[in-house]
Amino acid sequence: MKPRHLTHTDTLQLPITGNGPFNFRHTLWKPSHYATGLEAHTETRSWRTFRIDSLIIGVALTNGRDDRTISVEVFADGDYAPEHRDRLARRLTTSYGLDEDLAPFTELAADVPAMRDPLHALFGMRQSCPEDHFEIAVIALLLQNTTISRTTQMTRNLLTRHGRLVHFDGITLRAWFTPAEIAAVTAEEFKERDRLGYRAKTLPHFAAFFRDHHPEDLAAADNLVELFQQIKGVGPYTAAVMASHASRDPAVFGVDVWNRKILARRLLDTEDAAPEAIHEHLTRLFPGHAGTAALYLVEHEYLRTPVAPLLPLDAIKTWNQELRPSTS
DNA sequence: CGCCAGGTAACCC
DNA sequence: GGGTTACATGGC
C-alpha cells in the first residue's frame with residue numbers, strides 16, 4: 001500500500017477562546033493513549049489526520065507564541081474546497097476544547113489534595129478527541145475486555161485493510177475509514193481477516209447507525225449515554241466514552257477495570273473498588289466535572305511512563321518506515 | 001494448561 | 001431488576 005501524498009493547501013490560526021489555561025502539549029498528546037498511527041507527536045509539533053466526509057486531511061499543529069493560538073498547516077488533495085476550511089476549524093476547535101471553559105474544574109481541583117500533583121503537572125490540559133462519534137465508538141469497541149496489545153493489533157489490522165495511508169509534511173500516517181467505506185465488509189471478514197473476535201459482528205451495527213445518524217443529530221439528543229446504548233455492542237462503558245470524548249460532556253467518564261484501579265488508588269487509597277463507589281466519590285468532589293477530574297488522574301499516572309511516548313525529532317524517518325507495511 | 005485483559009448481551013430466577 | 005455466563009483472541 002503506497003501512501004497518498006497530500007500537499008500543503010491552507011494555514012489556520014485557531015484562537016483559544018475558552019476561559020482558563022491551555023496546555024498545548026498535554027491537550028494534543030495524551031500519555032495514556034495507545035499507538036494508532038493516526039497521529040504523531042514530538043515535544044513541540046503534532047500531526048493528525050481527519051476525515052471530513054470523504055475528504056482526507058492531514059494537519060501539522062504547533063503552539064502559538066502567546067499560548068492562546070494554535071497554528072495549523074493543512075495538507076490535502078485537490079478536493080479541498082473553501083467550505084472545508086470552516087468545517088476543519090470547527091472540528092479542531094471542538095476536538096481539543098479550544099472554546100471550553102476550564103476554570104470551573106481548576107477551581108474545584110484546587111481544594112482536592114489528590115488533585116494537587118496532577119493539576120500542577122498537567123495544568124491547562126483539556127480533553128482531546130480528534131475522533132468523531134463513529135471513530136471513538138470503534139476505539140472503545142476495540143478496548144472492550146482485552147489487552148492494549150491486542151487493541152493495538154486490531155486497530156492496525158482495521159486501519160491497514162480498510163483505512164488510508166497518507167504522507168504529508170515529511171510524515172506518514174494512517175487515516176480512518178468512514179462508515180460508508182466499511183458498509184460492504186462482512187462480520188466474517190472482520191473476524192477472520194482483521195482478528196476482531198466476537199467484536200466482529202458489532203462493527204457493522206456501528207457503521208449502519210452512524211450512516212443514519214449524523215453528528216448534528218446527536219447534539220440534539222438529551223440523554224446521549226442512553227441513546228448510544230441502543231447500538232448493539234455499546235454498553236455503559238462505550239456509551240460513556242462516546243459521551244465524554246466525542247460529545248465532550250465533562251461530567252461523564254467510562255469506568256473500566258483499568259482506570260477503576262487507578263482511581264481507587266488515587267482517591268480511596270485501596271487497590272480496587274466498586275465502579276459505583278468511584279463514580280459517586282468523583283461526582284461528589286467534582287459536580288459537573290467528574291470526567292475532567294478522572295482524565296487528570298489517569299493521565300498523570302502515565303506521565304512518567306507513557307504508553308506511546310513523544311517522538312524525538314530525528315525519529316520521524318524510522319516511524320515512516322515502520323508504518324509502511326513491508327509486505328504486499 | 002488456565003487465567004485474564006481499558007465489556008456486553010443474553011439468560012437465569 | 002440484580003446476579004451469572006459465554007463470547008474470541010493472544011500473552012504470560
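Proteins get letters first, then strands, A, B, ... in listed order; numbering begins at 1 in each.
Atom P of dG2(C) sits at a distance of 28 Å from the matching atom of dG6(B), rounded to the whole Å. To the nearest whole angstrom, the two P atoms, one in dC11(B) and one in dA8(C), are 14 Å apart. Taking atom P in both dA6(C) and dG2(B), one finds a spacing of 14 Å when rounded to whole Å.
The stretch residues 185-213 of chain A comes close to DNA chain C through Lys191(A), Arg195(A), Gly197(A), Tyr198(A), Lys201(A), each having a heavy atom under 4.0 Å from the strand. Listed by residue number, Leu143(A), Gln144(A), Asn145(A), Thr146(A), Thr147(A), Ile148(A) are the residues of residues 140-148 of chain A with a heavy-atom contact under 4.0 Å to DNA chain B. Contacts between residues 238-264 of chain A and DNA chain B, defined by a heavy-atom separation below 4.0 Å, involve Thr238(A), Asp256(A), Val257(A), Trp258(A), Lys261(A), listed by number.
Ring pair Phe105(A)/His289(A) is tilted by interplanar angle, where 30° to 60° counts as tilted. Below 30°, between 30° and 60°, or above 60°: for His5(A) and His167(A) the angle between ring planes is between 30° and 60°, a tilted geometry. Between His279(A) and Phe253(A), the angle of the ring planes stays under 30°, which puts this pair in the parallel group of the 30/60° scheme. Ring geometry for His213(A) against Phe209(A) counts as parallel: the plane angle stays under 30°, on a 0 to 90° scale with 60° as the upper cut. Note on ring orientation: taking the six-membered ring where Trp is involved, the planes of His133(A) and Phe228(A) are tilted (angle from 30° to 60°).
With respect to Asn259(A), the side chain to side chain contact (heavy atoms under 4.5 Å, CB included) criterion is satisfied by exactly one of Ile278(A), Leu297(A), Leu295(A), Val298(A): Val298(A).
Between His214(A) and Phe134(A), the distance from one ring center to the other does not fall under 6.0 angstrom. Between Trp176(A) and Phe210(A), the distance separating the two ring centers is not shorter than 6.0 angstrom.
Between Gln127(A) and His245(A) the shortest side-chain heavy-atom distance falls below 4.5 Å. Put simply, the side chain of Glu39(A) does not reach to within 4.5 Å of the side chain of Thr49(A), judged on heavy atoms.
Atom pair Leu158(A):CG and dA8(C):C1' shows a separation of 14 Å (rounding to whole Å applied). Rounding to whole angstrom units, CZ of residue Arg150(A) and C1' of dT9(C) are separated by 4 Å. Atom P of nucleotide dG6(B) and atom CD1 of Ile136(A) are separated by 17 Å, given to the nearest angstrom. Counting to the nearest Å, the P atom of dA5(B) and the CD atom of Gln153(A) are 19 Å from each other. Distance Gln229(A) CD to dT8(B) P: 7 Å, rounded to the nearest Å.
Between the side chains of Arg266(A) and His300(A), at least one donor-acceptor pair of N or O atoms lies under 3.5 Å.
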